[in-house]
Amino acid sequence: MLQFSIWKKTVIIGVCILGIALSAPNAFYPRVERHNDAAKELAKGMPQTPERMAALAAWPSWLPSDLVNLGLDLRGGAHLLAEVKVEQVYGARLDGMWEDIRDALREARDTIGTIRRQDSPPDELRISISKPDQIEKAVEIVRGLARPVVSLTGIGASDIAVTAENGDVVVKLSEAEQIATDTRTMNQSLEIIRRRVDEVGTREPTIQRQGERRILIEVPGIGSADELKALIGTTAKLTFHAVVRKTNDPNTNPGPRNILVPDLENKSEYFVLVQTPVVTGDELVDAQPTFDQNGRPAVSFRFNPSGGRKFGQYTAENIGSPFAIVLDNEVISAPVIQSHIAGGSGIITGRFSVEESTQLAVLLRAGALPAGMDFLEERTIGPQLGQDSIEAGRIATTVAFIAVLTFMFLSYGLFGVFANVALILNVTMIFALLSVIGATLTLPGIAGIVLTIGMAVDANVLIFERIREELKTARGPARAIELGYEKAFSAIVDANVTTLIAAVILFVMGSGPVRGFAITLGLGIITSVFTAIWVTRLMISIWFDWRRPRQIEV
């Protein structure tokens, strides 16, 4: 029917007005972006500086302020492809099992004799016993410590594989446990990288797993790939060790179960430390930049109850002894314990600048990466290239827009004008939806919008051509318009549903730029159907009620 009820008119007009309002901030992108940044900074408790308050006042707070996020190819930024060294985690897992294995074997020393841990590759734990003829008994004891693998793919499997080789007990992670460990390591790495990037306030980073051991990291707006590597490339592994002695000889043999670690402040000096840490950074719950009693930049930290208990007990038992704080295999501080430190908190001092102490606090809060990473690919896209991409996309969109508008007007006259108004509303609503859902617009996304502009008028072409056919039956203009919409509806739905299915498949199966294209294409299909079927029909209905023409030409 050409007639619309009041509530239908209200809904259609309301949706159009809402789309215009939500997309409007993108027309004032720099101003609204500064307003949003200032609002976030003030929400974090930053001081109300004149610059920050001016940026906040640049856009009325009662207006929508959601923006379309610009992707790496439009804003510029850094791109990294990293490979995680998952094998490093195997050694840490086995090292953590040593105490339980040692205690279990000591209880059977009357049978198997004395035990001793041997040097071995990182992915295995090798233990010798003084009674080699009892090796099978020792293997049986260690196997008794095995636990089931916690993963869907390792149901029924044990986490360790224990064998006897050359009179030694050899412990390795089972194949099922290695797979489960790899999955946990990758998930933990993804989460920690995401937290580190989010800590510095970057916009819409792309952080996703690629393959079995690789992570893709794209951060728009960051200065360079080196800056991004400095932020996420450090493992930030913090540990606290007992100090055995200090030396100037880099070739010093630290002895069994000890490690030789360089001094960060004085590269010519080294510390011999007990290998097993007293407390690790995994037990940290907070770290903040601060200043020490001499006004120098430092980092304060706080442990969880378990870490705080171990930290307090060790300091109480070792007053007067040095205590090494190790970050990424370098001693950043080795203070002498002056008194019992209760409460599980302390301060890390060193030759930090304010920026270094702030970044170290960010890394420690985010947590340590479980394993190191090799950067296989790195790329920096400058803001100028991003601006060039925006200009190229704007030109392509403008040319397509003008060409389609001109074609529709020349082909269908006044009805073409109605279709052109609907097309403008269609693009406006695409940007409104992109802003609301926080999607990232990339160059392929712009291509999706350009394609949508061409596809958006297809529905109107089908409708108008059907109206032309119905006018030949001389049923009258009102009935011809009604039948044109009714009979073209099924063809419009079929064509757009098949395209929407293709967009969904692209989104599910694709990644990065392909997803950006799929999002804009899918949203464009939804908005184009709405504007072509409902908006143009409402405009024609209002015009028809106003003019009451006896004849129409399409």
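Scope of the values below: all heavy atoms of this structure, side chains included, with no hydrogens, waters or symmetry mates. Since this is a predicted model, take the numbers as computed values, not measurements.
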Locate the shortest heavy-atom distance separating [X] from [Y]; write the atom from each residue and the value.
{"X": "A164", "Y": "I135", "value": "CB-CG1, 3.7 Å"}
{"X": "N187", "Y": "R209", "value": "OD1-NH1, 4.4 Å"}
{"X": "S435", "Y": "V68", "value": "OG-CG2, 3.3 Å"}
{"X": "A104", "Y": "L145", "value": "CB-CD1, 3.9 Å"}
{"X": "I160", "Y": "A146", "value": "CG1-CB, 3.7 Å"}
{"X": "L125", "Y": "I101", "value": "CD2-CD1, 3.6 Å"}

Check for a donor-acceptor pair, side chain of [X] on one end and backbone N or O of [Y] on the other, with a separation under 3.5 Å.
{"X": "T247", "Y": "D249", "value": "yes"}
{"X": "K131", "Y": "D110", "value": "yes"}
{"X": "T520", "Y": "G445", "value": "yes"}
{"X": "T498", "Y": "D494", "value": "yes"}
{"X": "N36", "Y": "S65", "value": "yes"}

- Query: So D66 and L22, side chain to side chain contact (heavy atoms under 4.5 Å, CB included) or not? Walk me through it.
  - Reply: CA-CA 7 Å; D66 292 327; L22 292 175; 5.5 Å; no
When rounded to the nearest 0.5 angstrom, what distance separates [atom1] in [X] from [atom2] in [Y]?
{"X": "L216", "Y": "L376", "atom1": "CG", "atom2": "CG", "value": "11.5 Å"}
{"X": "T185", "Y": "L190", "atom1": "OG1", "atom2": "CG", "value": "11.0 Å"}
{"X": "Q178", "Y": "T183", "atom1": "CD", "atom2": "OG1", "value": "12.0 Å"}
{"X": "Q208", "Y": "I215", "atom1": "CD", "atom2": "CD1", "value": "10.5 Å"}
{"X": "L105", "Y": "I112", "atom1": "CG", "atom2": "CD1", "value": "4.5 Å"}
{"X": "E177", "Y": "R147", "atom1": "CD", "atom2": "CZ", "value": "10.5 Å"}

- Note on the structure: Hits for side chain to side chain donor-acceptor pair (under 3.5 Å) against Q275, two or more places apart or cross-chain, chain-then-number order -> R257
Test item: side-chain donor near acceptor, [X] and [Y], under 3.5 Å:
{"X": "Y270", "Y": "N251", "answer": "no"}
{"X": "S158", "Y": "S174", "answer": "no"}
{"X": "S128", "Y": "Q118", "answer": "yes"}
{"X": "H79", "Y": "E377", "answer": "yes"}

- Task: Using side chain to side chain contact (heavy atoms under 4.5 Å, CB included) as the criterion, point out the one residue from V331, N318, L273 that pairs with V243.
- Result: L273
- Note on the structure: The side chain to side chain contact (heavy atoms under 4.5 Å, CB included) partner of E378 among I217, D226, L81 is D226
- Just say parallel, tilted or perpendicular for the rings of F323 and F240, cut-offs at 30° and 60°. parallel
- Task: Test L500 against N496 for side chain to side chain contact (heavy atoms under 4.5 Å, CB included), laying out the working first.
- Result: CA-CA 6 Å; L500 185 61; N496 284 279; over 6 Å; no
So do [Y] and [X] actually touch side chain to side chain, heavy atoms under 4.5 Å?
{"X": "I259", "Y": "V272", "value": "no"}
{"X": "T114", "Y": "S130", "value": "yes"}
{"X": "L441", "Y": "F431", "value": "yes"}
{"X": "L433", "Y": "T527", "value": "yes"}
{"X": "L42", "Y": "Q48", "value": "yes"}
{"X": "V169", "Y": "V162", "value": "yes"}
{"X": "L173", "Y": "D159", "value": "no"}
{"X": "T239", "Y": "V279", "value": "no"}

Got more than 12 heavy atoms from elsewhere within 6.0 Å of [atom1], [X]?
{"X": "E330", "atom1": "CD", "result": "yes"}
{"X": "R116", "atom1": "CZ", "result": "no"}
{"X": "D133", "atom1": "CG", "result": "yes"}

- Partners meeting salt bridge (Lys or Arg N to Asp or Glu O under 4.0 Å) with K246 (sequence neighbours left out): E269
- Candidate pair H241 and V274, rule side chain to side chain contact (heavy atoms under 4.5 Å, CB included), full reasoning: CA-CA 6 Å; H241 296 258; V274 176; 5.5 Å; no
- Give the intermediate values and the outcome of side chain to side chain contact (heavy atoms under 4.5 Å, CB included) for residues E212 and D182. CA-CA 8 Å; E212 295 183 357; D182 291 352; over 6 Å; no
- Task: Give a yes or no on whether the ring-centroid distance for F507 and F517 is below 6.0 angstrom.
- Result: no
- Which pairs pass salt bridge (charged side-chain N to carboxylate O under 4.0 Å, His left out) with one or both residues in residues 82-91, sequence neighbours excluded? E83-R214, K85-D374, E87-R213
- Answer yes or no: is there an ion pair linking R126 with D168, defined by an N-O contact shorter than 4.0 Å? yes
